[in-house]
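Numbering starts at 1 and runs along the sequence shown.
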Amino acid sequence: MPNHPKPVALQRHEDGVPSVLRKATVYTNLHFYRKSDVLVQLTKAFCERFLPKSGDRTVDQMVQASRSVKQNIVEGLTDGQTSFAVELKLLGIAQGSNRELLEDYQDYLKHHGLTEWALGKSPRFDDLHTFCLEHSDVEDYRPYFYRFPDEDMANCAICLCHMVDKALSSFIARRDREFVEEGGVRERMMAARLEHRGTQKEVIETQAREIETQAREIERLKALVASLQQEIALLRGRQEG
């Protein structure tokens, strides 16, 4: 059986007129956005504590990569109200920056002879994974920014990067499916215009029917008046005769 296009679900203005804008996504409610915010603050603290204050481009690269994740999520979901294409592009950039940041933390561990913990193979990582899974706000992590040794802090960042990457992959796939089913802004504009025209046509047709009904009523009343006038004329004729 062929798949029929999914009807475009349009938002509406207060007066009921359809809108071409998609429903806004409140990105601050998304766990992967909030975890990306944690990564920005964690990375700044990590670089300040464990990387050279000058002469190492890694610091700028890691901080910029972490910011790129968060900022492109914000911009992508904001611009997504009007464009699926822009949203998907910016979320893709966010995912690329997140993977770049992941590589930087993994390289740090390798370069310093430290261990990258693995899920199911390290009790420390299992506990860390549970904590990161259950906590998405920066204030939950801030007490550890200046207490964790570098190995613990890097593994925390790696865990968060993996979670953000997985969540972004799922979110992008869902948006991709929505685009295929609903189309982009052009389809929404067409649907809104057709619906609005349909509504206008219904109003015009309703008004035409009302006018026709009123016209018939006027003709009926005219006939009634003419009949009454004839009766009055007959009565006057009788009286005068």
Checklist entry - Given Cys156 and Tyr141, is the side chain to side chain contact (heavy atoms under 4.5 Å, CB included) satisfied, shown in steps? => result CA-CA 10 Å; Cys156 181; Tyr141 293 81; 4.0 Å; yes
Next on the checklist: Please evaluate residues Asn155 and Phe148 with respect to the criterion side chain to side chain contact (heavy atoms under 4.5 Å, CB included), reporting the C-alpha separation (whole Å), side-chain torsions for both, the decisive distance (0.1 Å), and the verdict.
Outcome noted: CA-CA 10 Å; Asn155 274 287; Phe148 273 164; over 6 Å; no
Checklist entry - Phe50 and His112: side chain to side chain contact (heavy atoms under 4.5 Å, CB included), yes or no, with the steps? => result CA-CA 11 Å; Phe50 304 116; His112 292 82; over 6 Å; no
Checklist entry - Has Arg177 got more than 12 heavy atoms of other residues, nucleotides or ligands less than 6.0 Å from its CZ? => result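 It does not: Arg177 CZ has 12 such atoms or fewer within range.
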Checklist entry - Should we count NE2 of His31 as having more than 12 external heavy atoms under 6.0 Å? => result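 Result for NE2/His31: open.
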To check you understand the geometry: which heavy-atom pair defines the closest contact between [X] and [Y], and what is its length?
X	Y	answer
Gly80	Glu87	CA-OE1, 3.2 Å
Arg49	Met153	NH1-SD, 3.9 Å
Asp140	Ser136	OD2-N, 4.3 Å

Next on the checklist: Side chains of Thr25 and Arg175, heavy atoms from C-beta outward: is any pair under 4.5 Å?
Outcome noted: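 Yes; the side chains approach each other to less than 4.5 Å.
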Which atom pairs, donor and acceptor, lie under 3.5 Å between side-chain atoms of residues 115-124 and protein residues at least two apart or in another chain?
unit_1	atom_1	unit_2	atom_2	d
Glu116	OE2	Gln106	NE2	3.2
Trp117	NE1	Glu151	OE2	2.9
Ser122	OG	Arg124	N	3.4
Ser122	OG	Phe125	N	3.4
Arg124	NH2	Asp152	OD1	3.0
Arg124	NH2	Asp152	OD2	2.8

Any chance you could measure [X], atom [atom1], to [Y], atom [atom2], to the nearest 0.5 Å?
X	Y	atom1	atom2	result
Glu139	Asp37	CD	CG	9.5 Å
Leu102	Asn98	CG	CG	7.0 Å
Leu30	Lys35	CG	NZ	11.5 Å
Asp107	Met62	CG	CE	9.5 Å
Gln64	Gln71	CD	CD	10.0 Å

Same cluster or not: are [X] and [Y] linked, directly or through other Ile, Leu, Val, Met, Phe, Trp or Tyr residues, by side-chain heavy atoms under 4.5 angstrom apart?
X	Y	result
Phe145	Leu128	no
Leu114	Leu101	yes
Leu90	Tyr33	no
Val86	Leu77	no
Tyr27	Phe84	no

Ignoring hydrogens and angles, write down the donor-acceptor pairs under 3.5 Å from the side chains of residues 158-168, residues two or more places apart or on other chains.
unit_1	atom_1	unit_2	atom_2	d
Asp165	OD1	Gln95	NE2	3.2
Asp165	OD1	Arg99	NE	2.6
Asp165	OD1	Arg99	NH2	3.1

In chain order, what residues pass the side chain to side chain donor-acceptor pair (under 3.5 Å) check against [X], with sequence neighbours excluded?
X	value
Asp150	Tyr108
Ser97	Ser68
Glu103	none

Checklist entry - For Thr58, does its backbone N or O pair with a side-chain atom of Asp56 as donor and acceptor, under 3.5 Å? => result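 Yes, because the side chain of Asp56 sits within donor-acceptor range (under 3.5 Å) of the backbone of Thr58.
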Just list the side-chain donor-acceptor pairs under 3.5 Å for residues 39-48, sequence neighbours left out, or say none.
unit_1	atom_1	unit_2	atom_2	d
Thr43	OG1	Leu39	O	2.6
Thr43	OG1	Tyr105	OH	2.8
Glu48	OE1	Tyr146	OH	3.4

Next on the checklist: The test is side chain to side chain contact (heavy atoms under 4.5 Å, CB included); show your working for Val69 and Ile73 and say whether it passes.
Outcome noted: CA-CA 6 Å; Val69 180; Ile73 290 173; 4.1 Å; yes
